[in-house]
J.: 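Here it is: the structure, laid out below.
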Number of protein chains: 2
Amino acid sequence: MRYHRIPDETIKRLPIYLRRVIHLSELGVKCVSSTELASPLGVTPWQIRKDLSYFGGFGTRGVGYNVENLVSRIRKILKLNVVRKAALVGVGNLGSAILSFPGFRQYWLEIAAVFDIDKRKVGKERNGLVVEDITLLGTLKERRIDMGIIAVPGNAAQNVADDLIKSGVMGILNFAPRYIEVPKNVKVITIDIALYLACLPYYVPPK
Amino acid sequence: MRYHRIPDETIKRLPIYLRRVIHLSELGVKCVSSTELASPLGVTPWQIRKDLSYFGGFGTRGVGYNVENLVSRIRKILKLNVVRKAALVGVGNLGSAILSFPGFRQYWLEIAAVFDIDKRKVGKERNGLVVEDITLLGTLKERRIDMGIIAVPGNAAQNVADDLIKSGVMGILNFAPRYIEVPKNVKVITIDIALYLACLPYYVPPK
DNA sequence: TGGTGTGAACGGCTTCACAGCT
DNA sequence: AGCTGTGAAGCCGTTCACACCA
């Protein structure tokens, strides 16, 4: 199993497991079985075992998984074992919300710079960071920031993405409601919020 | 093909197509081929044709799809052909951002009520809506609001979901970083933002 | 006995090739 | 000739059953 291609779906689930084992670790739990791990997450035990087995199983048969070990192994797999820095572009309503988001810290993710095109916002402080002019995106490389978060209007998204990539960014989290074209060595994950809400009525027939 | 089970993935893509054809319709475009429709969306033409064929093809061979027809057919499939109302629970940073989100309107989605537990926010106006006390969730049924958006801290999410369901809500968009347990006739879509950013480093090896 | 690790079966979605209509 | 509609093939991911080990 060790030399298999790893499903993207597995990668998506790893942060869920990681969050849970970090929590268990903080509670002082030493050992956990796949069943105990799975049930509060809405995942099946065999799914977890399969996911972990792609990276070479690291549980103990008859016992379960060592919690501390799981934390560090999953961190390493996801490359979250060092602080990872991202730049946020766009400090509108959504950008501000993301900036004040507490959920990144546990993953050692840090928003290390904020940019906006609006001169009235530039220079102002937000969550301990000074908003920079968007023309300064080129400084990201020397600051070793290699991920970008796009929270600008749809029509600006592709330009921002291009600029981010020019500055050495290799991974983009895109909240703009657009498909973004990038070289294939760059990874884009798009979260198009309206799309999710628009699916819901299909499953909820109106009365 | 008409009596097939429809893939969830197809449903997820329909709002993307819908947004595009609404836009084309506004531009006055009358007819579009699957190739023209696909390319700006990062989707393949045969994917679009397959998706649409699940509902009984409604294009014209040798020509393409009538734009107006596509708009109304997709609206009908997604049950977005009447205004659909949702209640937002939690007016923190993220809740406020969602409330001021312009992207829902084109789908005829309306946030028709806002709730919070914080007495200091209750009674204040936000985006044309007065924030209501969360104990008033029970009034949703008589107001014919059948979808809920959860933007509260993780530890409150399950309770809010339970209350929403008690009030007749059948579909939930959940932004809280939790798995939410619901009866199986209720649909939950969870958008756990931190999870997406946490995946990114895997694809972006640190230098 | 109890819980992990994994090949194999299964199912669902995507891709393809081409038939069918205009 | 051109573009849609669709069975079939192929691929990917999940589920299962059971071998394996503490």
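Chain letters run A, B, ... following the sequence lines, proteins first and then strands; every chain starts at 1. Computation of the quantities below employed the complete heavy-atom set of this structure, encompassing side-chain atoms and omitting hydrogens, waters and symmetry-equivalent molecules.
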J.: Measure from CD on B:Q47 to P on D:dT6 and round the result to the nearest Å.
T.: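 Those two atoms, CD and P, are 15 Å apart.
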J.: I'd like to know if B:R19 pairs up with A:D192 as an ion pair, taking the criterion as any Lys NZ or Arg NE/NH1/NH2 lying under 4.0 Å from an Asp or Glu carboxylate oxygen.
T.: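 Counted as a salt bridge, because a side-chain N and a carboxylate O are separated by less than 4.0 Å.
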J.: Tell whether B:R61 reaches the base of C:dG20 with its side chain through a donor-acceptor pair below 3.5 angstrom.
T.: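 In this structure, the two groups form a donor-acceptor pair.
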J.: Rounded to the nearest angstrom, tell me the gap between atom CG in A:L70 and atom C1' in C:dT4.
T.: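 Whole-Å distance recorded here is 12 Å.
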J.: Rounding to 10 degrees, work out the angle separating the end axes of the helix from C:dT1-D:dA22 to C:dT22-D:dA1 (five pairs an end).
T.: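 It works out to 0° between the end axes.
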J.: So, applying salt bridge (charged side-chain N to carboxylate O under 4.0 Å, His left out) with A:D146, which one of A:R84, A:K85, A:K187, A:K141 is it?
T.: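 With A:D146 as partner, salt bridge (charged side-chain N to carboxylate O under 4.0 Å, His left out) holds for just one option, A:R84.
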J.: Using heavy atoms to find the nearest nucleotide of DNA chain D for A:T10 and A:V63 separately, return the residue whose nucleotide is more 5′.
T.: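 Closer to the 5' end of DNA chain D: A:T10.
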J.: B:P15 versus B:I74: any side-chain heavy-atom pair under 4.5 Å?
T.: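 No, side chains not in contact.
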J.: Check every strand shown and say whether A:S34 touches a base, only sugar-phosphate, or nothing at a heavy-atom separation below 4.0 Å.
T.: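 Sugar-phosphate only.
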J.: If you find the nucleotide of DNA chain C closest to A:Y65 and the one closest to B:G62, which residue's nucleotide is nearer the 5' end?
T.: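 By nearest-heavy-atom nucleotide position, the 5'-most residue is A:Y65.
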J.: What heavy-atom pair brings A:I6 and A:F55 nearest, and what distance separates the two atoms?
T.: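 Heavy atoms only, the tightest pair is CD1-CE2, 3.6 Å.
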J.: What nucleotide among D:dG13, D:dT15, C:dT6 has an atom nearest to a side-chain atom of A:R49?
T.: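 For A:R49, the side-chain atoms sit closest to C:dT6.
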J.: Find which nucleotide of DNA chain D each of A:R13 and A:T60 is nearest to by heavy atoms, and output the residue with the more 5' nucleotide.
T.: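 The residue closer to the strand's 5' end, by nearest nucleotide, is A:R13.
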J.: Quick check: are there more than 12 heavy atoms from other residues, nucleotides or ligands sitting under 6.0 Å from CD of A:E181?
T.: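 No, because the 6.0 Å sphere around CD of A:E181 holds 12 heavy atoms or fewer from other groups.
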J.: Ring centres under 6.0 Å, that's the criterion: do B:F104 and B:Y107 meet it?
T.: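 Judged by ring-centre distance (under 6.0 Å), B:F104 and B:Y107 do not meet the cut-off.
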J.: Ignoring the backbone of A:S33, work out which of C:dG3, D:dG5, D:dG7 is nearest its side chain.
T.: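 So the side chain of A:S33 is nearest to C:dG3.
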J.: Please report, rounded to the nearest Å, how far the C1' atom of D:dT6 is from the OH atom of B:Y54.
T.: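 Going from OH in B:Y54 over to C1' in D:dT6 covers 10 Å.
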J.: For B:L52 and C:dT14, what is the distance between atoms CG and P respectively, to the nearest whole Å?
T.: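 The answer, rounded to whole Å, is 13 Å.
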J.: Could you tell me the separation between the CG atom of B:D51 and the P atom of C:dC13, rounded to a whole number of Å?
T.: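 It works out to 11 Å between those atoms.
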J.: Quick one: B:F55 CZ to D:dT4 C1', roughly how many Å, whole number?
T.: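 It is 17 Å, rounded to the nearest whole Å.
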J.: Salt bridge or not between B:R143 and B:E132? Use side-chain N to carboxylate O under 4.0 Å.
T.: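 A salt bridge links B:R143 with B:E132.
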J.: Output the rounded distance in Å from CZ (B:R5) to P (C:dG11).
T.: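 The answer, rounded to whole Å, is 13 Å.
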J.: D:dG2 P sits how many Å from B:L37 CG, rounded?
T.: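 Rounded to whole Å, this separation is 20 Å.
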